[in-house]
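The next block holds one structure in the form of structure tokens; read it before the comments.
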Amino acid sequence: MAPILSSVIDYIDTSKQSLWIATASILFNPVYWNIMAQSEYRNKTLTRLTGGRPYLGCYILAVSIFSLGILRDHLYNFALDEQPKYPPLMTEQVKRLAGASFVVGSTLVVTSMWALGVTGTYLGDYFGILMEDRVTSFPFNVTNNPMYDGSTLCFLSTALWKASPTGIALSALVYVWYKLACLFEEPFTGEIYAKREQERKQNAKKSK
């Protein structure tokens with residue numbers, strides 16, 4: 001196993017600047033949207049900048065997150081194009097696996113966005129735009145984080161298609177980084193909805 005791993009690592013060229021730029025982009029994006037969302041929740045930053053319109057603030061954040069995602073994907077593809085290909089991955093079977101990974105990943109991402117809508121996908125909770133009920137239909141009945149898992153699979157599909165050990169390593173980084181983001185995001189989102197339920201109960205008591 002060790003010789004095989006060593007052989008694979010030999011196909012990761014750390015001297016390429018594009019690799020580190022792509023890595024920085026992958027790490028930056030979740031940090032960016034969490035900082036912006038926290039700033040909005042605590043200080044109403046974007047709502048104030050848009051003249052007290054939380055929906056407009058959320059849409060602006062959505063555009064920025066989506067645009068950064070496009071840039072990240074471009075940097076990732078460019079970095080892989082400058083990396084060596086690993087011959088054992090250059091097979092039809094791996095190409096089919098890459099295709100399947102892309103289809104599954106894209107399905108999870110698209111259906112997640114469809115189920116949540118723009119504000120549900122792009123952190124509307126932090127703007128006070130809360131969903132009435134938790135979404136439990138597909139793809140949320142398959143995975144708790146279909147957007148993150150689907151995105152990871154899309155990264156992996158590109159890595160496999162390009163026979164790139166570097167891409168596989170970066171896909172693993174994406175997976176770990178998203179899981180760390182979930183450890184931070186999920187409890188906070190839970191608190192937002194718990195606070196709403198508490199306020200509803202208090203209002204119900206007052207109305208009696």
Side-chain angles (χ1 to χ4, degrees), residues 12 14 17-47 49 54 57-80 101-102 104-131 134-135 139-140 142-159 164 166-193:
I12 299 177
T14 58
Q17 187 181 39
S18 59
L19 169 60
W20 301 111
I21 293 175
T23 301
S25 179
I26 287 169
L27 294 176
F28 172 77
N29 284 14
V31 174
Y32 163 77
W33 69 61
N34 272 289
I35 289 176
M36 293 300 296
Q38 286 285 330
S39 177
E40 171 60 29
Y41 182 75
R42 300 185 188 284
N43 304 310
K44 299 299 178 185
T45 305
L46 289 173
T47 296
L49 288 174
C58 185
Y59 293 147
I60 290 173
L61 179 60
V63 170
S64 69
I65 292 173
F66 184 80
S67 299
L68 284 171
I70 296 296
L71 175 61
R72 176 205 58 196
D73 293 348
H74 169 72
L75 293 172
Y76 173 73
N77 275 280
F78 182 74
L80 297 199
S101 180
F102 180 78
V104 173
S106 298
T107 299
L108 289 176
V109 170
V110 172
T111 55
S112 172
M113 293 183 68
W114 180 265
L116 294 175
V118 174
T119 57
T121 300
Y122 293 103
L123 305 167
D125 319 68
Y126 293 78
F127 290 80
I129 308 169
L130 306 184
M131 303 191 72
R134 181 177 180 180
V135 178
F140 292 90
V142 175
T143 171
N144 289 331
N145 301 289
M147 181 69 70
Y148 286 168
D149 292 342
S151 180
T152 302
L153 285 171
C154 288
F155 273 93
L156 180 61
S157 71
T158 302
S164 174
T166 301
I168 294 174
L170 288 176
S171 299
L173 175 63
V174 169
Y175 177 80
V176 171
W177 202 238
Y178 278 161
K179 290 303 176 184
L180 289 174
C182 286
L183 292 177
F184 178 79
E185 293 170 4
E186 290 180 345
F188 198 85
T189 302
E191 288 180 15
I192 292 174
Y193 280 89

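One is the number of the first residue; the rest follow in order along the sequence. Because the structure is predicted, anything quoted here is derived from the model rather than measured.
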_Over all atoms of both residues, closest heavy-atom pair of Met147 and Thr121_ = CE-CG2, 3.5 Å
*What's the spacing between Arg72 CZ and Asn77 CG if we round to 0.5 Å?*
10.5 Å
*Got Thr111 and Pro146 here, is their nearest side-chain heavy-atom distance under 4.5 Å?*
no
_Treating Asn34 as the side-chain partner and Ala181 as the backbone partner, does any N or O pair qualify as donor plus acceptor under 3.5 Å?_
no
_Chi angles and distances behind the side chain to side chain contact (heavy atoms under 4.5 Å, CB included) call for Leu27, Leu173_ = CA-CA 9 Å; Leu27 294 176; Leu173 175 63; 4.0 Å; yes
*Could you tell me whether a side-chain N or O of Ser171 sits under 3.5 Å from a main-chain N or O of Gly167, the two making a donor and an acceptor?*
yes
*How about Phe155 and Tyr175: are their ring centroids closer than 6.0 Å?*
no
_Ignoring hydrogens, what is the shortest heavy-atom contact between Gly120 and Met131? Give both atom names and the distance._
CA-SD, 4.5 Å
*Can you check whether Gly124's main-chain N or O pairs, donor with acceptor, with Thr119's side chain at less than 3.5 Å?*
no
_Using every non-hydrogen atom in the two residues, find where Ala37 and Leu123 come nearest and quote the distance to one decimal._
CB-CD1, 3.8 Å
*Decide yes or no for Ile21 and Ser18: does some side-chain heavy atom of the first lie under 4.5 Å from some side-chain heavy atom of the second?*
no
*Evaluate the side-chain proximity of Trp177 to Asn29: yes if any heavy-atom separation is below 4.5 Å, no if none is.*
no
*Give a yes or no on whether the backbone of Ile192 and the side-chain of Tyr126 come within a donor-acceptor separation of less than 3.5 Å.*
no
*Check Val174 against Thr152 and note the closest heavy-atom contact, atom names and distance.*
CG1-OG1, 3.7 Å
*Is there side-chain contact between Thr158 and Asp73, with heavy atoms separated by less than 4.5 Å?*
no
*From Leu75 CG over to Phe28 CZ, what is the distance, rounded to the nearest 0.5 angstrom?*
12.0 Å
*Without swapping roles, check the side chain of Thr23 against the backbone of Leu19 for a donor-acceptor pair under 3.5 Å.*
yes
*Atom OH in Tyr193, atom CG in Leu130: separation rounded to 0.5 Å?*
4.5 Å
*Please state whether the rings of Tyr148 and Trp33 are parallel, tilted or perpendicular, taking 30° and 60° as the class boundaries.*
parallel
*Which distance, rounded to the nearest 0.5 Å, do you find between the CG of Leu46 and the OH of Tyr41?*
16.0 Å
_Quick one: does any side-chain atom of Ser157 pair with a main-chain N or O of Cys154 as donor and acceptor, under 3.5 Å?_
yes
_Checking Thr189 against Asp125 for the side chain to side chain donor-acceptor pair (under 3.5 Å) test, could you report, in this order, the C-alpha distance in whole Å, the side-chain angles of both residues, the deciding distance, and whether it holds?_
CA-CA 7 Å; Thr189 302; Asp125 319 68; 5.4 Å; no
*Between NZ of Lys179 and CG of Asn145, what distance do you get to the nearest 0.5 Å?*
5.5 Å
*Could you please spell out the steps behind the side chain to side chain contact (heavy atoms under 4.5 Å, CB included) verdict for Glu185 and Tyr178?*
CA-CA 10 Å; Glu185 293 170 4; Tyr178 278 161; over 6 Å; no
*asked:* With a 3.5 Å distance limit and no angle check, can you tell me whether Ser101 reaches the backbone of Leu153 through a side-chain donor-acceptor pair?
replied: yes
*Near Phe66 CZ, under 6.0 Å, is it more than 12 heavy atoms from other residues, nucleotides or ligands?*
no
*Applying side chain to side chain contact (heavy atoms under 4.5 Å, CB included), run through Val63 and Tyr59 and close with a yes or a no.*
CA-CA 6 Å; Val63 170; Tyr59 293 147; 5.6 Å; no
_Smallest separation among heavy atoms of Trp20 and Thr14, with atom names_ = NE1-O, 2.8 Å
*Taking all non-hydrogen atoms of both residues, which atom of Cys58 and which atom of Phe127 are closest, and how far apart?*
N-CE2, 3.4 Å
*Given the rule in the side chain to side chain contact (heavy atoms under 4.5 Å, CB included) test, do Ser64 and Leu61 qualify, once you have shown the distances and angles that lead to the verdict?*
CA-CA 5 Å; Ser64 69; Leu61 179 60; 3.8 Å; yes
_So for atom CZ, which belongs to Phe102, do other residues, nucleotides or ligands contribute more than 12 heavy atoms lying within a distance under 6.0 Å?_
no
*Distance (rounded to the nearest 0.5 Å) between Asp149 CG and Cys182 SG*: 7.5 Å
*Kindly check if the number of other-residue, nucleotide or ligand heavy atoms within 6.0 Å of CZ (Phe78) is above 12?*
no
